[in-house]
Amino acid sequence: MTRRQATQDDINHDFIIVGAGSAGCTLANRLTASGKYSVLLLEAGGRDNWIWFHIPVGYLYAMGNPRADWCFRTEPVPGLNGRSLDYPRGKVIGGSSAINGMIYMRGQSADYNHWRQLGNVGWSWDDVLPYFVRSEDREPYEDATHGRGGEWRVEKQRLSWRVLDLFQQAAAEHGIPPTPDFNRGDNEGTGYFEVNQRRGRRWSTASAFLKPALGRPNLTLWTGAQATRLVFEGSRVAGVELRHQGQIKAVRAGREVILTAGAVNSPHLLQLSGIGDPGMLRSQGIAVAHAAPEVGENLQDHLQLRMIYKVSGLRTLNRAANSLPGKVGMAAQYAVLRRGPMTMAPSQMGGFTRSSPEQASPNIQFHVQPLSLDKFSSPLHPFPAFTATACNLRPRSRGSVRLKSADPFAAPAIQPNYLDDTVDQEIAAEAIRLVRRIVLQSKAFAPHRPEEYRPGTDLRSDEDLKHAAGDIGTTIFHPVGTCRMGVDDKAVVGPNLLIRGLSGLRVADASIMPTITSGNTNSPTIMIAEKAADMILADSLG
């Protein structure tokens with residue numbers, strides 16, 4: 001392959017979108033809807049023409065598979081007792097929405113009001129709610145806080161489990177009531193998660209937003225197209241250099257380049273292009289094009305603490321999944337009815353509560369599953385058990401994404417720094433104790449003699465539980481914040497999502513979140529793209 005420079009003869013479009021994930025698919029749809037503007041959408045992965053992108057349990061086969069996943073790993077994390085974690089990110093049209101847990105969650109109104117309090121005008125709950133509603137096609141539709149007829153399908157799960165219902169009853173015994181809806185701005189309570197599925201099939205952003213727009217003559221999709229650097233004309237970003245079909249090509253944007261490659265790849269591409277911390281760039285032999293020290297910093301993610309409980313006299317998925325008749329039965333149930341375990345999101349029952357009365361709003365999220373295993377790549381345990389995870393919704397620990405090489409095809413260094421902050425350690429210990437009380441000290445579970453398999457009730461002191469959190473903690477796949485939005489001099493983008501100090505370049509994905517939302521982050525990312533589309537189109541008219 002030979003390297004080329006952008007010239008006037010290169011392919012031109014009004015907008016170039018880098019990354020056909022949740023944000024990129026949404027933007028591509030919205031920016032081409034009027035027919036006025038041409039859009040080139042670049043995706044490093046391929047098409048979603050594999051059955052496991054569409055059957056909900058396909059995440060078990062997609063995560064860790066280079067056909068679907070970037071297959072990143074973190075650096076060893078001190079707070080996890082030196083462990084390094086797999087860090088799945090979707091590498092296919094639809095991005096992580098093609099391999100994620102399918103849970104529809106907006107977060108809390110307080111999340112977005114906090115963004116506004118940080119100076120980000122236009123990002124309060126009242127500002128962003130219309131964008132959630134615009135995308136949504138919820139069944140059942142109830143009132144104006146939800147949407148009907150949008151692209152983003154939201155349905156009730158097509159299953160139920162007695163063990164999950166018991167967890168909800170046990171939580172109620174401890175002051176956490178059931179709730180019918182997690183998405184009205186206050187998500188306190190327990191209930192079955194709503195999912196992004198359509199009649200038992202995964203509904204990714206490729207299905208929802210991209211494929212309906214691909215017939216438009218002003219939208220061009222290139223798959224297998226990995227961006228390697230941005231191309232400058234003075235202080236304006238004028239295009240993108242990329243590898244496509246075995247060649248290094250250059251494409252030009254008449255109006256804007258928009259990064260929607262996610263919280264790992266968006267900052268990485270900026271750094272490869274000379275936009276970042278000058279010292280770090282020079283150490284890798286990259287010329288500084290624009291000093292922006294916070295690019296790649298401020299990484300936040302939700303750490304889930306996976307607690308496992310053996311039970312007696314309760315049906316869990318462990319036994320069915322470990323027998324041939326059970327597997328045949330599940331396959332038949334899905335083939336005929338589109339119901340049952342093959343429609344399962346990774347977590348089915350959820351909950352939100354406070355780790356202590358001092359918390360102003362829920363800061364703990366539960367994910368409860370009628371199964372148990374050591375990790376996603378391992379077989380289910382041979383004994384009946386369920387998993388109850390708890391995660392701190394507002395971690396104070398901050399990590400980073402930093403390039404390790406000037407080679408654009410080398411993975412960056414991902415350091416989440418989980419449990420780096422002492423408050424996060426204290427909340428982790430409180431969360432473990434809270435789950436224990438719900439399971440081991442409730443009338444609902446008592447007849448089934450629950451036994452804590454992991455981490456084990458012999459671990460009781462604060463120090464023991466903090467160390468245990470490092471052993472049982474793992475990512476819940478919600479990285480955000482690495483191109484932080486703000487109005488201060490260190491912010492990477494302003495509230496308009498333009499890179500501060502440059503023109504022609506915007507970031508519109510989860511990396512712009514100044515603080516992480518209180519729950520699953522995929523639908524907030526779609527909201528960001530919806531709002532970005534309105535801002536981009538308004539600027540184009542101006």
Side-chain angles (χ1 to χ4, degrees), residues 21-23 74 77 79 85 87-89 96 100-101 103-118 120 123-125 128 132 182-183 185-187 262-264 266-267 294 296-305 347 350 352-355 359-367 389-401 414-421 423-425 427-428 431 473-486 491-493 497 507-529 531:
S22 292
T74 71
V77 183
L85 300 181
Y87 215 64
R89 296 283 86 202
S96 293
N100 71 359
I103 293 171
Y104 180 73
M105 190 66 59
R106 296 172 175 176
Q108 298 172 12
S109 58
D111 300 332
Y112 304 99
N113 291 336
H114 178 59
W115 291 6
R116 175 61 185 88
Q117 290 162 5
L118 294 173
N120 296 296
W123 290 91
S124 72
W125 173 251
V128 303
F132 283 113
F182 288 128
N183 289 296
D186 177 4
N187 51 21
V264 174
S266 283
E294 278 209 14
E297 303 303 304
N298 193 49
L299 174 63
Q300 299 156 62
D301 190 12
H302 289 139
L303 180 74
Q304 62 174 345
L305 308 178
S347 300
F352 294 84
T353 191
R354 295 164 171 81
S355 62
Q359 297 292 330
S361 62
N363 69 317
I364 297 293
Q365 181 177 10
F366 301 124
H367 289 77
T389 75
C391 75
N392 177 3
L393 291 170
R394 292 186 289 275
R396 293 172 49 151
S397 301
R398 297 291 184 268
S400 62
V401 173
I414 303 169
Q415 177 50 270
N417 279 333
Y418 299 118
L419 301 175
D420 179 62
D421 188 278
V423 173
D424 291 351
Q425 297 169 21
I427 290 175
T474 187
T475 177
I476 204 166
F477 321 123
H478 298 164
V480 308
T482 47
C483 295
R484 178 178 67 87
M485 173 175 63
V492 178
V493 300
L497 306 187
V507 184
D509 57 27
S511 70
I512 67 94
M513 294 187 187
T515 52
I516 195 167
T517 54
S518 298
N520 308 72
T521 53
N522 190 57
S523 290
T525 300
I526 294 170
M527 176 277 293
I528 290 167
K531 185 169 174 59

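These values consider heavy atoms only, across backbone and side chains, with no hydrogens, waters or symmetry-generated copies.
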**Study point:** H302 side chain to L393 backbone, donor-acceptor under 3.5 Å
**Key:** yes
Check your understanding: Does any N or O in the side chain of S347 come within less than 3.5 Å of the main-chain N or O of H367, such that one atom is a donor and the other an acceptor?
Key -> no
**Study point:** Check against side chain to side chain contact (heavy atoms under 4.5 Å, CB included), R394 and Q359
**Key:** CA-CA 11 Å; R394 292 186 289 275; Q359 297 292 330; 4.1 Å; yes
Exercise for review: Compare all side-chain heavy atoms of N100 with those of N522 and state whether any distance is below 4.5 angstrom.
Suggested key: yes
**Study point:** Side chain proximity check, V264 to I414, heavy atoms < 4.5 angstrom
**Key:** yes
Check your understanding: So F132 and W125, would you call those rings parallel, tilted or perpendicular, with 30° and 60° as cut-offs?
Key -> tilted
Point to revise | Backbone of A263 reached by a side-chain donor or acceptor of T482 within 3.5 Å | key: yes
**Study point:** Test salt bridge (charged side-chain N to carboxylate O under 4.0 Å, His left out) applied to R484 - qualifying residues, sequence neighbours left out
**Key:** E294, D488
Check your understanding: Side chains of T475 and D301: is there a donor and an acceptor less than 3.5 Å apart?
Key -> yes
Review point. Within the side chain of N520, is there an N or O that forms a donor-acceptor pair under 3.5 Å with the backbone of I103?
Key: no
Review point. Between Y418 and D424, does a side chain to side chain contact (heavy atoms under 4.5 Å, CB included) hold up when you go through it step by step?
Key: CA-CA 8 Å; Y418 299 118; D424 291 351; over 6 Å; no
Exercise for review: Side-chain contact test, heavy atoms from C-beta onward, threshold under 4.5 Å: evaluate it for Q365 versus T389 and give yes or no.
Suggested key: no
Practice item. Please name the pair of heavy atoms, one in G473 and one in L303, separated by the smallest distance, quoted to 0.1 Å. Key: C-CD1, 3.6 Å
Review point. Between the main-chain N or O of S518 and the side-chain N or O of N187, is there a donor-acceptor pair closer than 3.5 Å?
Key: yes
Exercise for review: Determine whether R398 and L299 make a side-chain contact, defined as any pair of heavy atoms from C-beta on separated by less than 4.5 Å.
Suggested key: no
Exercise for review: Consider only side-chain N and O atoms of R396 and T515, and report whether a donor and an acceptor are under 3.5 Å apart.
Suggested key: no
Check your understanding: With no hydrogens and no angle check, is any side-chain donor or acceptor of S400 less than 3.5 Å from a backbone partner on G296?
Key -> no
**Study point:** Check: N363 side chain, N392 main-chain N or O, donor-acceptor pair, under 3.5 Å
**Key:** no
**Study point:** Donor-acceptor contact below 3.5 Å, side chain Q425 vs main chain L419
**Key:** yes
**Study point:** Verdict with supporting geometry, D111 and N113, side chain to side chain contact (heavy atoms under 4.5 Å, CB included)
**Key:** CA-CA 6 Å; D111 300 332; N113 291 336; over 6 Å; no
Review point. Does some side-chain heavy atom of M105 sit less than 4.5 Å from a side-chain heavy atom of S523?
Key: no
Review point. Would a distance-only check, ignoring hydrogens and angles, find a side-chain to backbone donor-acceptor pair under 3.5 Å from R106 to M527?
Key: no
Review point. Is the closest side-chain heavy-atom distance between S124 and Q117 below 4.5 Å?
Key: no
Review point. What about the rings of F352 and F366, do their centers lie closer together than 6.0 Å?
Key: no
Practice item. Check the pair T525, D509 against side-chain hydrogen bond (donor to acceptor under 3.5 Å, both in side chains), reporting the backbone distance first and the verdict last. Key: CA-CA 6 Å; T525 300; D509 57 27; over 6 Å; no
Check your understanding: Would V480 and I512 count as a side chain to side chain contact (heavy atoms under 4.5 Å, CB included) if you check the C-alpha gap in whole Å, the side-chain angles of each, and the deciding distance to 0.1 Å?
Key -> CA-CA 7 Å; V480 308; I512 67 94; over 6 Å; no
Practice item. Can you see which heavy atom on P524 is nearest to which on M513, and at what distance? Key: CB-CE, 3.8 Å
Practice item. Taking atom types as modelled, find out whether N183 and Y104 have a side-chain donor-acceptor pair closer than 3.5 angstrom. Key: no
Exercise for review: Could you tell me which non-hydrogen atom of P514 sits nearest to which non-hydrogen atom of N298, and how far apart they are?
Suggested key: O-ND2, 3.3 Å
Practice item. Using distance alone, with no hydrogens and no angle criterion, decide if S361 and Q108 have a side-chain donor and acceptor under 3.5 Å apart. Key: yes
Check your understanding: Short question: side chain of Q300, backbone of P395 - any donor-acceptor pair under 3.5 Å?
Key -> no
